[in-house]
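Data first, discussion second: the structure below is written as structure tokens.
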Amino acid sequence: KGENINICWAPDGRTIAVGNKEDLVTFIDTKTYKVKAEKQFRFEVNELSWNSENDLFFITNGQGIIEILSWPELEIQHIVQAHPGNCICIEFSRCRRYF
């Protein structure tokens, strides 16, 4: 839906998350190609990522915040004020313990 601007794979390979310019994130089942879930955000979504355990979903936004959601429930678990400006990317350390 809309013009897609970011994409990421779940660590288990079963889901792809796709974000569009309207800040809608769509979760697609990689086996059936059907939409598993959608979540509309009220802020600028910049980057998407799952943790290696595949139970948390991370979103960076235009307010310098990293929002951590449970997966697959998509309920807010934690909000981190990560930067005073835009937070445009996220990357995990090699040990996947830090981001």
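Quick caveat, the model's predicted, so the values are computed rather than measured. Heads up: numbering here begins at 1 and tracks the sequence.
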Would a distance-only check, ignoring hydrogens and angles, find a side-chain to backbone donor-acceptor pair under 3.5 Å from Asp23 to Val45? yes
Pair up each side-chain donor or acceptor in residues 74-82 with any protein partner under 3.5 Å, not counting sequence neighbours, and list the distances.
unit_1	atom_1	unit_2	atom_2	d
Gln77	NE2	Glu75	O	3.2
Gln81	NE2	Gln63	O	3.2
Gln81	NE2	Gly64	O	3.4
Gln81	NE2	His83	O	2.8

For Phe92 and Ser49: C-alpha separation, side-chain torsions, deciding distance, then whether side chain to side chain contact (heavy atoms under 4.5 Å, CB included) applies. CA-CA 9 Å; Phe92 290 85; Ser49 185; 3.3 Å; yes
State, to 0.1 Å, how close Ala17 and Leu48 come at their nearest heavy-atom pair, and which atoms those are. O-CD1, 3.9 Å
Using modelled atom types only, decide if a donor and an acceptor are shared between the side chain of Thr60 and the backbone of Ile90 within a distance under 3.5 Å. no
How many angstroms lie between CG in Asn54 and CH2 in Trp9, if you round to the nearest 0.5 Å? 12.5 Å
Assess whether side chain to side chain contact (heavy atoms under 4.5 Å, CB included) is satisfied between Phe41 and Asn61, documenting all intermediate values. CA-CA 10 Å; Phe41 292 90; Asn61 73 32; over 6 Å; no
Rounded to the nearest 0.5 angstrom, the CG-OG distance for Leu56 and Ser70 is 7.5 Å
Verdict with reasoning, Phe58 to Ile68, per side chain to side chain contact (heavy atoms under 4.5 Å, CB included): CA-CA 5 Å; Phe58 293 70; Ile68 304 168; 3.6 Å; yes
Is the side chain of Asn46 donor-acceptor paired with the backbone N or O of Cys87 at a distance under 3.5 Å, no angle test? yes
Measure the shortest side-chain to side-chain distance between Asn51 and Trp71 over non-hydrogen atoms and say whether it is less than 4.5 angstrom. no
Note: Phe57 and Ile59 closest approach over all heavy atoms is CE2-CG1, 3.6 Å
Could you tell me which residues satisfy salt bridge (Lys or Arg N to Asp or Glu O under 4.0 Å) with Glu44, sequence neighbours excluded, listed by chain and number? none
Got a second to check how far Glu67's CD is from Phe43's CZ, nearest 0.5 Å? 4.0 Å
Under the salt bridge (Lys or Arg N to Asp or Glu O under 4.0 Å) rule, collect the residues that match up with Lys21, sequence neighbours excluded. Glu3
In chain order, what residues pass the side-chain contact (heavy atoms from CB on, under 4.5 Å) check against Ile28, with sequence neighbours excluded? Val18, Thr26
Where the side chain of Thr15 meets the backbone of Ala10, is there a donor-acceptor pair that is under 3.5 Å apart? no
Under the rule for side-chain contact (heavy atoms from CB on, under 4.5 Å), what residues qualify as partners of Asn20, not counting sequence neighbours? Lys1, Asn4, Glu22, Leu24
So which pairs with a foot in residues 10-19 pass salt bridge (Lys or Arg N to Asp or Glu O under 4.0 Å), sequence neighbours left out? none
When clusters are formed by joining ILVMFWY residues with side-chain heavy atoms under 4.5 Å apart, either directly or through shared neighbours, do Leu69 and Trp50 land in the same one? yes
Which value, rounded to the nearest 0.5 Å, describes the distance between Asn86 atom CG and Glu47 atom CD? 13.0 Å
